[in-house]
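If you're wondering where the values come from, they're calculated on a predicted model, not measured in any experiment.
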Amino acid sequence: MGGCFSKPKPVELKIEVVLPEKERGKEELSASGKGSPRAYQGNGTARHFHAEERLTAPHPYPGPQDCVEAAVCHVKDLENGQMREVELGWGKVLLVKDNGEFHALGHKCPHYGAPLVKGVLSRGRVRCPWHGACFNISTGDLEDFPGLDSLHKFQVKIEKEKVYVRASKQALQLQRRTKVMAKCISTSAGHSSSTNVLIVGAGAAGLVCAETLRQEGFSDRIVLCTLDRHLPYDRPKLSKSLDAQPEQLALRPKEFFRAYGIEVLTEAQVVTVDVRNKKVVFKDGFKLEYSKLLLAPGSSPKTLSCKGKEVENVFTIRTPEDANRVVRLARGRNAVVVGAGFLGMEVAAYLTEKAHSVSVVELEETPFRRFLGERVGRALMKMFENNRVKFYMQTEVSELRAQEGKMMQTNVPGVFAAGDAVTFPLAWRNNRKVNIPHWQMAHAQGRVAAQNMLAQEAEISTVPYLWTAMFGKSLRYAGYGEGFDDVIIQGDLEELKFVAFYTKGDEVIAVASMNYDPIVSKVAEVLASGRAIRKREAVCAAQQDRRHVLAHRERILSSHAADLGRHAWAPGTEAKPWGQVPTSNFPGSPRAEPEPSQCLPSIAWLTSSEASCFLQEMLTPQGLSCH
């Protein structure tokens, strides 16, 4: 069996239109504008979900019978900058102490359920340790992506030096909150051939744009069209779980789009965009006028150019049907994956338990070389080889033979672009124009596009955050490391426990790690704050010797001696330690003597706040001790 699962090739969008001077004025999207009264004509096979069918949103203020309240700790049990998971009987809550104030939030990231207590607390927000999503601790609101939902925020009160939390039982079980959204009140919704906002593409960028418009109070017509036959779904899961069905991948249920008046046209292909007259034409001839347009079509999978590429068992993956077909036909057969990037390697990892054999063909010397470098690539390559994956590196497919039997606004006023097809200036890399076809970036671009449709003059400033999991090992990556000229690695590549800093000149431009969360989230947060991380900081951190680790441990033990002996208070329960690591488990004890090369990974032995402190020292010049 053959296959091509390499990185999708970006689609080039080129629009060159000269508009009359009188049409070049700045346009703003009114929240009360009206659509054209022209009658709507159905567009062939496209399935259309109308806005008339509404859902009743849950009441934001639950009654006393739906609430639970309990004392969760003493006020001195948490220091500033610390987080703890506490139990309320109906579920857990993330308790945070920041600047002397307590906050109680949902304890799991709504994206994939990561425990936020293992994340990074900084600048009034907590960053997910797995994929980098950020949540405001005062409101619970999602502030950076990936993901669609926010966290519930629970009531906290202090009485007699005890911290009480009051929460809705339903909220404790759901662990996610959808922001309040406006509903469509346009009389033309679903019945005319014009719309206030047209979004071409139903991936992360398109969906986040539509939701952001509703969250910002926009109540006019929104039409979301997609070539796909499904409602918006989690496309990154396709290469990680090829057996997944569309309903398992859906980002929102059908009822959600009906409730908030977001009309979805499926199997609808736009073939012409007339920017002068603000009109698009679909493949079946249907025409739709718009006031604002977002182009977020995603990208098409990169195909082979060699002879025989049309052989029937050669596939690309873009839809659930594509992924299901690949895994179905690969069972018990020989599978070949062309391309050793993130997507190709994810597919190879998944097929190892399904196919008879898995081979990877790649032009580079090592997998992941473009992003992770040769040393990290070889370590990961060894992991794959141990799982029966065979590599043909520095090899190009020449023939396949079948066996018999920045603001996301384009140069055209009113036309925006987001998602995989977009090249945009990356702010923290000196506005270098880049294309990052990744799920998290599409979310961010969709929101920025929506905000600028509403004339809010927002700019994209998110730090790219990539992730994958293969053979039970999680790899995190933050930044933009293409074109790096050096890599500083700390840890053990053989054991796949490492942190790698990628540098360009004097600056760290990306970081990757395996089995040392939340280091990548911490570095992403530093980059997001606007502070550059210099190469010498990473070099010094990698050269710290064992004496520095032990000295730091002694400082931690001395400054937190009271914490190590303090016990949690809960009515009717036996006092237990608050999850502190026994002193005998710290490096330097008879059972855990670290090697000099284990300096950076030693934060895995510290508590959340201690790890944050240690890494902050590592990334701050004043806190470094170079030898």
Side-chain angles (χ1 to χ4, degrees), residues 1-12 235-236 238-240 242 298-319 321-405 420-421 423 435-438 466 468 470-471 481-484:
M1 174 182 172
C4 176
F5 309 113
S6 55
K7 179 181 175 182
K9 182 179 180 181
V11 178
E12 294 186 2
R235 196 180 300 275
L238 292 181
S239 57
K240 301 174 179 68
L242 280 70
S299 58
S300 299
K302 186 178 180 180
T303 59
L304 295 172
S305 58
C306 64
K307 182 180 179 181
K309 62 181 180 180
E310 66 283 349
V311 172
E312 65 176 12
N313 61 339
V314 175
F315 307 99
T316 57
I317 294 181
R318 192 177 191 276
T319 68
E321 290 78 11
D322 294 337
N324 295 168
R325 188 181 304 114
V326 168
V327 74
R328 183 174 66 251
L329 295 179
R331 294 184 188 277
R333 302 175 68 182
N334 299 323
V336 177
V337 178
V338 180
F342 278 86
L343 297 182
M345 297 299 281
E346 286 174 352
V347 172
Y350 190 83
L351 291 179
T352 54
E353 295 184 358
K354 314 290 182 181
H356 177 266
S357 69
V358 179
S359 300
V360 175
V361 179
E362 169 60 48
L363 280 171
E364 297 284 356
E365 296 179 5
T366 58
F368 304 107
R369 188 169 186 266
R370 178 184 174 193
F371 279 100
L372 304 179
E374 185 173 345
R375 293 176 63 192
V376 175
R378 288 196 180 281
L380 296 176
M381 183 175 174
K382 184 176 181 180
M383 176 181 72
F384 274 78
E385 289 175 331
N386 291 338
N387 284 275
R388 302 186 307 107
V389 176
K390 189 172 184 178
F391 288 90
Y392 297 87
M393 308 307 291
Q394 294 182 287
T395 302
E396 184 176 8
V397 177
S398 59
E399 182 180 357
L400 295 173
R401 297 177 182 175
Q403 291 183 326
E404 296 298 332
D420 291 359
T423 297
N435 170 253
I436 304 177
H438 186 64
L466 289 72
T468 188
M470 299 164 292
F471 304 112
E482 185 170 348
F484 68 89

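The CG atom of Leu238 lies 9.5 Å from the CD atom of Glu321; values are rounded to the nearest 0.5 Å. Here the straight-line distance linking atom CG of Leu304 with atom CD of Glu399 works out to 12.0 Å at 0.5 Å rounding. To the nearest 0.5 Å, atom OG1 of residue Thr468 and atom CG of residue Leu343 are 8.5 Å apart. The structure places CE of Met470 at 10.5 Å from CG of Asn387, a figure rounded to the nearest 0.5 Å. One finds the CZ atom of Phe368 at 4.5 Å from the CE atom of Met345 (value rounded to the nearest 0.5 Å).
For Lys382, the salt bridge (Lys or Arg N to Asp or Glu O under 4.0 Å) partners at least two apart in sequence or on another chain are Glu494. Qualifying ring pair (Phe, Tyr, Trp, His ring centres under 6.0 Å) partners for Phe471, counting only residues two or more places apart in sequence or in other chains: Phe384. Evaluation of the salt bridge (Lys or Arg N to Asp or Glu O under 4.0 Å) rule for Glu374 yields Arg378 as partners, not counting sequence neighbours.
Counting heavy atoms from C-beta on, the side chains of Val336 and Val397 never come closer than 4.5 Å. Side-chain contact between His438 and Pro236: absent, with no pair of heavy atoms (C-beta onward) separated by less than 4.5 Å. Side-chain contact between Met383 and Asn386: absent, with no pair of heavy atoms (C-beta onward) separated by less than 4.5 Å. Two residues are said to be in side-chain contact when any heavy atoms from C-beta on lie closer than 4.5 Å; Leu242 and Leu351 meet this criterion.
Across every non-hydrogen atom of Lys240 and Tyr350, the tightest pair is O-CD1, 3.0 Å. The heavy-atom pair separating Phe484 from Phe371 by the smallest distance is CE2-O, 3.8 Å. The nearest pair of heavy atoms linking Ala340 to Glu362 is N-OE1, 2.6 Å. Of all non-hydrogen atoms in Val376 and Leu372, the two that sit nearest each other are CB-O, 3.5 Å. Here the closest heavy-atom approach between residue Val360 and residue Gly339 is recorded as CG1-O, 4.1 Å. Closest non-hydrogen pair, Ser398 versus Cys306, comes out as O-CB, 3.3 Å.
The backbone N or O of Ser299 sits less than 3.5 Å from a side-chain atom of Arg318, completing a donor-acceptor pair. Using modelled atom types, one side-chain atom of Asp322 and one backbone atom of Thr319 make a donor-acceptor pair closer than 3.5 Å. Checked by atom type and distance alone, the side chain of Asn334 never pairs as donor or acceptor with a backbone atom of His356 at under 3.5 Å.
Just one of Arg370, Gln394, Arg369 meets the side-chain hydrogen bond (donor to acceptor under 3.5 Å, both in side chains) condition when paired with Glu364; it is Arg369.
Shown here is Glu353, whose CD atom has no more than 12 heavy atoms of other residues, nucleotides or ligands within 6.0 Å.
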